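Numbers here are sequence positions counted from 1. Keep in mind the model is a prediction, meaning the values are calculated, not measured.
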Amino acid sequence: MKKIIAMTLSLAMVLGLAACGNSSTPSTPAASQPAASTPAASQPAASTPAASAIKVTLATGGTSGTYYAVGGAMQTVLNDKLTLCELNTESTGASKANVNLITDGEAQMAILQSDVVSYAHTGTNTFAETGVEDSALWVAGLYNETVQIIATTDITDVSQLAGRTVCMGDVGSGTRVNAEQILAAYGMTADDVNAVSGSFQDGVDGIKDGKVDAAFTVAGAPTTAITDLATTNSFNMLSLTDEALAYIHENFPFLVDDNLPAETYKGIPETRCVAVQAALVASKDISEDVVYELLKTMFDSKDALVTAHAKFQFLDAAYASSGASVPLHPGAEKFYKEVGVL
């Protein structure tokens with residue numbers, strides 16, 4: 001009988017311990033099965049970068065302009081390849097507005113005009129009242145932006161804009177700055193025209209609707225808004241005179257000759273224009289590693305970027321670095337030294 005009782009007690013203790021083990025140590029079985037956790041541990045590139053990548057707002061311009069389309073191409077092509085950041089393209093009022101967004105920390109990168117970021121660093125021109133804003137540093141010059149002047153068919157020369165309604169670009173945009181510089185080459189100011197503000201699309205729509213007589217667009221050509229106009233309306237694109245070009249070269253040397261070939265837009269002959277450089281800039285608060293990786297990935301992905309937007313055919317390290325109108329971001333400097341153009 002004693003043996004039976006002892007065996008019964010022993011069995012009860014074993015069963016009790018087994019039950020306690022199952023309820024108090026739920027992680028023990030998993031820890032004893034490393035094979036079950038190995039697949040997740042072997043794929044850090046698929047999950048870790050996406051979770052740790054910083055969100056980078058890329059400020060561009062109006063939705064009908066080249067900045068926005070170029071920024072969208074960068075986001076589409078590069079985000080799958082980047083590990084340190086994730087681009088989020090935003091439509092904005094363009095150049096001056098983009099400088100302000102970086103200064104205020106609302107954007108970390110931007111595409112803008114090379115002359116405007118230079119004004120920001122020197123506190124001149126459109127930044128004369130606000131003073132120096134030097135948070136935006138140079139990453140890359142991307143392509144030339146042509147100053148294009150479209151007008152109704154009764155206007156054939158810039159001098160004829162006096163007293164007419166002219167869309168001068170968005171408030172705070174580089175387009176507004178360049179429009180005033182072109183007018184100055186003809187002895188005029190914004191006060192000599194009925195100046196209105198608006199995007200490239202607003203200017204095109206104004207011509208279609210008969211609400212504006214002319215509009216300035218500063219963007220890579222062909223520009224979507226003007227291409228669309230050419231399919232529905234007749235218009236003129238105004239060429240600059242020899243005298244105007246001489247004045248521009250002397251007073252605004254950052255504006256370079258950039259003539260548009262005939263048929264850049266349907267029915268439009270060769271047009272004498274000037275251009276600035278479209279620049280990619282980054283906040284000085286972004287790390288060197290983030291900017292270096294972005295720039296390296298851009299150049300490694302050039303073919304895919306060209307497929308996404310034709311302006312990337314001009315992506316070239318020497319061109320991208322040589323036009324810097326403000327100091328290079330440390331990440332950009334590291335890249336350009338590595339590829340031998342600095």
Side-chain angles (χ1 to χ4, degrees), residues 45 49 53-54 56 58-60 66-67 69-87 89 95 98-99 102 107-122 134-146 220-221 253-258 274-342:
I54 65 170
V56 171
L58 174 62
T60 58
T66 309
Y67 286 176
V70 166
M74 289 175 61
Q75 178 178 316
T76 299
V77 173
L78 302 181
N79 272 356
D80 287 342
K81 306 175 187 296
L82 296 169
T83 62
L84 300 179
C85 71
E86 177 183 311
L87 295 177
T89 301
S95 293
N98 289 352
V99 171
I102 287 181
Q108 292 72 49
M109 300 191 76
I111 303 173
L112 44 67
Q113 291 181 202
S114 56
D115 58 331
V116 174
V117 71
S118 177
Y119 302 147
H121 275 249
T122 56
D134 58 3
S135 294
L137 301 180
W138 191 273
V139 175
L142 301 176
Y143 56 87
N144 276 359
E145 294 185 89
T146 310
F254 46 78
L255 292 174
V256 298
D257 291 348
D258 189 34
V274 290
V276 293
Q277 198 173 44
L280 177 66
V281 299
S283 168
K284 62 184 180 183
D285 295 329
I286 297 183
S287 75
E288 175 182 315
D289 290 342
V290 168
V291 173
Y292 171 83
E293 183 198 41
L294 176 77
L295 200 51
K296 187 175 190 307
T297 305
M298 281 180 60
F299 279 88
D300 288 345
S301 307
K302 180 176 178 178
D303 290 345
L305 286 169
V306 171
T307 299
H309 197 288
K311 282 301 172 188
F312 285 103
Q313 66 185 294
F314 301 108
L315 189 62
D316 174 82
Y319 173 83
S321 59
S322 63
S325 57
V326 298
L328 287 169
H329 191 284
E333 184 176 1
K334 176 182 177 181
F335 174 78
Y336 293 126
K337 285 182 176 178
E338 184 177 279
V339 298
V341 297
L342 283 185

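Looking at heavy atoms from C-beta onward, Gln75 lies out of side-chain contact with Leu58 at the 4.5 angstrom threshold. For the pair Phe312/Val77, no side-chain contact is recorded, criterion being any heavy-atom separation below 4.5 Å from C-beta on. At a threshold of 4.5 Å between non-hydrogen side-chain atoms, the residues Met298 and Leu78 count as touching. Proximity of Asp134 to Lys284: side-chain heavy atoms (C-beta onward) are separated by under 4.5 Å at one or more points. Counting only heavy atoms from C-beta outward, the side chains of Val274 and Val256 never approach each other to under 4.5 Å. The closest side-chain heavy-atom distance from Leu84 to Asp289 is below 4.5 Å.
The only member of Ser95, Ser118, Ser325 that meets side-chain contact (heavy atoms from CB on, under 4.5 Å) when paired with Gln113 is Ser95. With respect to Met109, the side-chain contact (heavy atoms from CB on, under 4.5 Å) criterion is satisfied by exactly one of Thr60, Val281, Leu294: Leu294. Among Thr66, Asn144, Leu305, Val306, the one residue that satisfies the side-chain contact (heavy atoms from CB on, under 4.5 Å) test with Lys311 is Thr66.
For Lys302, the salt bridge (charged side-chain N to carboxylate O under 4.0 Å, His left out) test picks out no residue, with sequence neighbours left out. Under the rule for a side-chain hydrogen bond (donor to acceptor under 3.5 Å, both in side chains), Glu288 has no partner lying at least two apart in sequence or in another chain. Taking Ser283 as the reference, Ile102, Asp285, Ile286 meet the side chain to side chain contact (heavy atoms under 4.5 Å, CB included) condition, with sequence neighbours excluded. Looking at residues two or more places apart in sequence or on another chain, you find a ring-ring contact (aromatic ring centres under 6.0 Å, His included) between Phe335 and Phe299. The side chain to side chain contact (heavy atoms under 4.5 Å, CB included) test applied to Asp316 returns Ala318, Tyr319, not counting sequence neighbours. By the ring-ring contact (aromatic ring centres under 6.0 Å, His included) test, Phe254 is found to be paired with Tyr119, residues two or more places apart in sequence or in another chain being considered.
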Query raised in the report: So Leu342 and Leu328, side-chain contact (heavy atoms from CB on, under 4.5 Å) or not? Walk me through it.
Result: CA-CA 11 Å; Leu342 283 185; Leu328 287 169; 3.5 Å; yes
Query raised in the report: Hey, mind stepping through Thr297 and Glu293 against side-chain contact (heavy atoms from CB on, under 4.5 Å) and telling me if it holds?
Result: CA-CA 6 Å; Thr297 305; Glu293 183 198 41; 3.9 Å; yes
Query raised in the report: Can you check side-chain contact (heavy atoms from CB on, under 4.5 Å) on Val117 and Leu137, steps first, answer last?
Result: CA-CA 9 Å; Val117 71; Leu137 301 180; over 6 Å; no
Requested in this report: Could you walk me through whether Tyr143 and Gln313 pass the side-chain contact (heavy atoms from CB on, under 4.5 Å) test, one step at a time?
Outcome: CA-CA 9 Å; Tyr143 56 87; Gln313 66 185 294; over 6 Å; no
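For the pair Lys81 and Asp300, the salt-bridge criterion is not met [side-chain N within less than 4.0 Å of a carboxylate O]. Ion pairing between Lys337 and Glu333 holds under the 4.0 Å rule for side-chain N and carboxylate O.
The CG atom of Asp258 lies 4.0 Å from the OG1 atom of Thr146; values are rounded to the nearest 0.5 Å. Atom CG in Leu280 sits 8.5 Å away from atom CG in Leu112 (nearest 0.5 Å). The OG atom of Ser301 sits 9.5 Å away from atom NZ of Lys296, with the distance rounded to the nearest 0.5 Å.
A pairwise comparison of heavy atoms in Tyr336 and Ala317 identifies CE2-O, 3.7 Å as the closest pair. The two residues Gly323 and Trp138 have their closest heavy-atom pair at O-CH2, 3.3 Å. Nearest heavy atoms, His329 versus Val291: CE1-CG2, 3.4 Å. A pairwise comparison of heavy atoms in Ala278 and Tyr67 identifies CB-CE2, 4.0 Å as the closest pair. When all heavy atoms are compared, the tightest approach of Ala107 to Ala59 is CB-CB, 4.1 Å. Among all heavy-atom pairs drawn from Ala136 and Val326, the shortest one is O-CG2, 4.0 Å.
Proximity of a side-chain donor or acceptor of Asn79 to a complementary backbone N or O of Leu87 within less than 3.5 Å is detected. For Ser114 (side chain) and Ala279 (main-chain N/O), no donor-acceptor pair under 3.5 Å exists by modelled atom type.
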